[in-house]
Structures are given as structure tokens and as C-alpha cells.
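This is a predicted model, so every value here is computed, not measured.
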Amino acid sequence: MKILVVGAGAVGGYFGGRLVEKGEDVTFLVREKRKKQLEETGLVIKSAHGDVTLKPKLLVSGETAEPYDVILLSMKAYHLDSAVEDFRSYVGPDTIIVPLLNGIAHMEKLSAAINESNVIGGLCFVESTLDEQGAIIQTSAIHDLVFGELDGGKSGRVEKLVKAFGGTKANFVLSENIHQAMWHKYLFIATLAGVTTLFRSPIGPIREDEFGADTIKLTLEEAAGIMKSVDAPLADNIVGGNWDKLHSIEAGMKSSMQRDMEKGFSVEADHFYGYLLGIAKEKGISAPTLEKIYANLRIYEWQRR
């Protein structure tokens, strides 16, 4: 299968790089600056699962290319609109689009911008970042990319993806309940990102503090309540399960949103929290903890302008 990875950053570069390493036909759609950097240094991955330097195929938006069989989306949510225009010409009738963004709001945008039948569900779990030289640094044992049909089950096209994605040094996993998995990750990441950015701290000190722990619990409960109000397919024990998970991960764990704040980058405040609070307002649901988290991020964005 011909695979196009939109972006060659910490997420797309990692999973796309593992596919290149395996020998799949992968091209990265990148900006001119990143293209020049990759041409000079190669795509460098430094990982607990093995280091590699690759020379991948590169494409800049506007260049001519035939439609791809698969397009992996790995950008931040605030880049989605511009990214759609960048890759739109490479989408054919049978192209499979696999978004790896956190949250849910992007699915509505993609369905409006691209033929809904092209889009399947996706998410990933990976702790990775770019260093100053543009190398991908991946440090934890977890490096999972999960995908599946939004209505569940196995289709011929996802079976082809299983074959293309198999045998790499990363874990590509077919889910027959990807819709639920996406909402579950949304709840977990919204909580982790919310509290770590609010307190400017890794998760460990937050959960050890009485009021920090209360904030974790309130964030989980408020976000889950809002999600359930729109019939999100959350498991009955998801709040307790996420509470346990947040107390079992490494004390030094930071959310990617917190790392972005530390670097002075933009954050996905509207995509994560504006979306949930919009639902809360419409449904008349009180969410004071999420409002504080959202205010914190909006003030941060105002200050960085």
C-alpha cells in the first residue's frame, strides 16, 4: 500500500519511520523547512525500541502525486484545517484516512471536509518529542497506534491495513471498538493534560497533594459527565479505571500539552476543553474545574502572543 504521513514530527515521524524501516512504501508530506532538515540529517529516531536513521521519500504540498492508499494524520488540531488543504489533492475514492489526533472534534471537521466514507478511527499512545536537531526521541515502553472502522468489526480495507502495518518495531493494533477507545483516550488525556498544565507539574506531585488529587477526580467526573450527555460510549467503570491509571503511571509523566507550554508552543485548548464546555453550556451542565483549566490555557495563549 502507498502510505502518506502528513507531518514528520514526534508522532508521524515515529510511526511513519517504523513503517519505512520495515520497508513499506511511505512518503512524508512536510513543510519546506522540515524537508530541508530531513534531506540533510535523515529521519532520525532515538528510541528504547531501537535507533534508526532513514532517508524517506518527501513531498511538499502542491507537488504532483497520485492518490495514496492510506493517509496518516499526525498534526496538532490547530493545524488540521490547513493540513486538509495540503493533502486534499492526494485523496482518491478509496483512500483510507487514519487520524491520530487526540479528542473527538476533528472527526466532525474531517467528515465535513472530506468524504466521510474515507475516514476511519485512530489514536496512538507514544511518549515522543523532537530535539533541537529535529531527531525524534521516544523514551517509554509504550508505542501503540490503534485503528479501526468507526462502526466496529473487520472490513476488507482494515485487513489490508493490518497486513501493511504488521511486523514493525511499533505496535499497530486493530480495534473492533475504536469509537469507544477514542472517547476513553479523550477522557484520560483531557484529565492528564488539564491538571499538569494547570499546576505546571508532572502527575506525581499533583496526585500526592490532597487538593491536587481532588482536582484530578473532579476533572475526570466533569469530563465524563459531559461526554455521557452526548451518549459517548464510555464504559461503566471508566472514571475509576482512569483514576487508577493516573495513579499508576510514572510520577515524572508530563502531558504533551504541558511540554508544549514549556517550549512556548500553542496548545489545543479549544479542541480539548472548548469542545467539552460548548456541550456543557448547551446541556446546562456545571463544569467549574474544566472552566478553570480552559481559562488557564486561554490566558497562556494570550500571554504568548
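- Connection of V91 to V119 is established within a shared hydrophobic cluster, with ILVMFWY side chains joined at heavy-atom distances below 4.5 Å, either directly or through further cluster members.
- Within the cation-pi definition used here (under 6.0 Å to the ring centroid, within 45° of the axis), K57 does not qualify as a partner of F28.
- Residue pairs meeting the side-chain hydrogen bond (donor to acceptor under 3.5 Å, both in side chains) criterion with at least one member in residues 162-175, sequence neighbours excluded, are E21-K169, D144-N171.
- Between the CD1 atom of I71 and the CG atom of L73 there is a distance of 7.0 Å, given to the nearest 0.5 Å.
- A distance-only check finds a donor-acceptor pair linking the side chain of Y273 to the backbone of A190 [under 3.5 Å].
- Nearest approach of I45 to G17, heavy atoms of both residues: CD1-CA, 4.0 Å.
- Looking at S111, its side chain never comes within 3.5 Å of a backbone N or O of E108 through a donor-acceptor pair.
- Under the 3.5 Å distance criterion, the side-chain polar atoms of K22 are matched with a main-chain donor or acceptor of G166.
- Under the salt bridge (Lys or Arg N to Asp or Glu O under 4.0 Å) criterion, E262 pairs with K254, sequence neighbours left out.
- Remark: R207 engages no residue in a side chain to side chain donor-acceptor pair (under 3.5 Å) (not counting sequence neighbours).
- Residue pairs satisfying the salt bridge (charged side-chain N to carboxylate O under 4.0 Å, His left out) criterion with at least one member in residues 270-296, sequence neighbours excluded, are absent.
- Under the side chain to side chain donor-acceptor pair (under 3.5 Å) criterion, S128 pairs with no residue at all, not counting sequence neighbours.
- Here the side chains of C124 and V146 are not in contact, with every heavy-atom distance at 4.5 Å or above.
- No donor-acceptor contact under 3.5 angstrom links the side chains of E63 and Y90, judged on distance only.
- For S155, the side-chain contact (heavy atoms from CB on, under 4.5 Å) partners at least two apart in sequence or on another chain are E149, R157, V158.
- Aromatic ring centres of Y68 and F87 lie farther apart than the 6.0 Å criterion allows.
- Atoms CG and OG1, on L43 and T41 in that order, are 8.0 Å from each other to the nearest 0.5 Å.
- Distance CZ/F188 to NE2/H184: 13.0 Å, rounded to 0.5 Å.
- The cationic atom of R298 (NZ for Lys, CZ for Arg) does not lie both less than 6.0 Å from the six-membered ring centre of Y300 and within 45° of the ring axis.
- V6 and L59 fall within the same hydrophobic cluster, where Ile, Leu, Val, Met, Phe, Trp and Tyr residues are linked whenever their side-chain heavy atoms come under 4.5 Å apart, directly or through other members.
- The neighbour count for L150 CG, taken as heavy atoms of other residues, nucleotides or ligands under 6.0 Å away, is above 12.
- The CG atom of L123 sits 11.0 Å away from the CG atom of L101 when rounded to the nearest 0.5 Å.
- For the residue pair E222 and T289, a side-chain donor N or O sits within less than 3.5 Å of a side-chain acceptor on the partner.
- For the salt bridge (Lys or Arg N to Asp or Glu O under 4.0 Å) test, no residue two or more places apart in sequence or in another chain qualifies with K217.
- Listed by chain and residue number, S255 satisfy the side chain to side chain donor-acceptor pair (under 3.5 Å) test with T196 (two or more places apart in sequence, or in another chain).
- By the ring pair (Phe, Tyr, Trp, His ring centres under 6.0 Å) test, F147 is found to be paired with F165, residues two or more places apart in sequence or in another chain being considered.
- Remark: D260 pairs with K76 by the salt bridge (Lys or Arg N to Asp or Glu O under 4.0 Å) rule, at least two apart or across chains.
- Partners of E301 according to the salt bridge (Lys or Arg N to Asp or Glu O under 4.0 Å) rule, which considers only residues two or more places apart in sequence or in another chain, are R304.
- For the atom pair T191 OG1 and L220 CG, the distance stands at 3.5 Å (nearest 0.5 Å).
- Judged as a side chain to side chain donor-acceptor pair (under 3.5 Å), and not counting sequence neighbours, W243 has no contacts.
- Here R88 pairs with E85 in a salt bridge; the nearest charged N to carboxylate O distance falls below 4.0 Å.
- Interatomic distance, L290 CG to I226 CD1, rounded to the nearest 0.5 Å: 5.0 Å.
- Contact between L187 and A224 at its shortest, heavy atoms only, is CD1-N, 3.7 Å.
- For the residue pair H143/Y14, the side-chain donor-acceptor check at 3.5 Å is satisfied.
- Between Y186 and F272, the ring-plane angle classifies as perpendicular under the 30° and 60° cut-offs.
- Nearest heavy atoms, G16 versus V5: CA-CG2, 4.0 Å.
- Side-chain atoms of R31 and S61 form no donor-acceptor pair, as typed in the model, at a separation below 3.5 Å.
- Between P99 and M107, the shortest heavy-atom distance links the atoms CG-SD, 3.8 Å.
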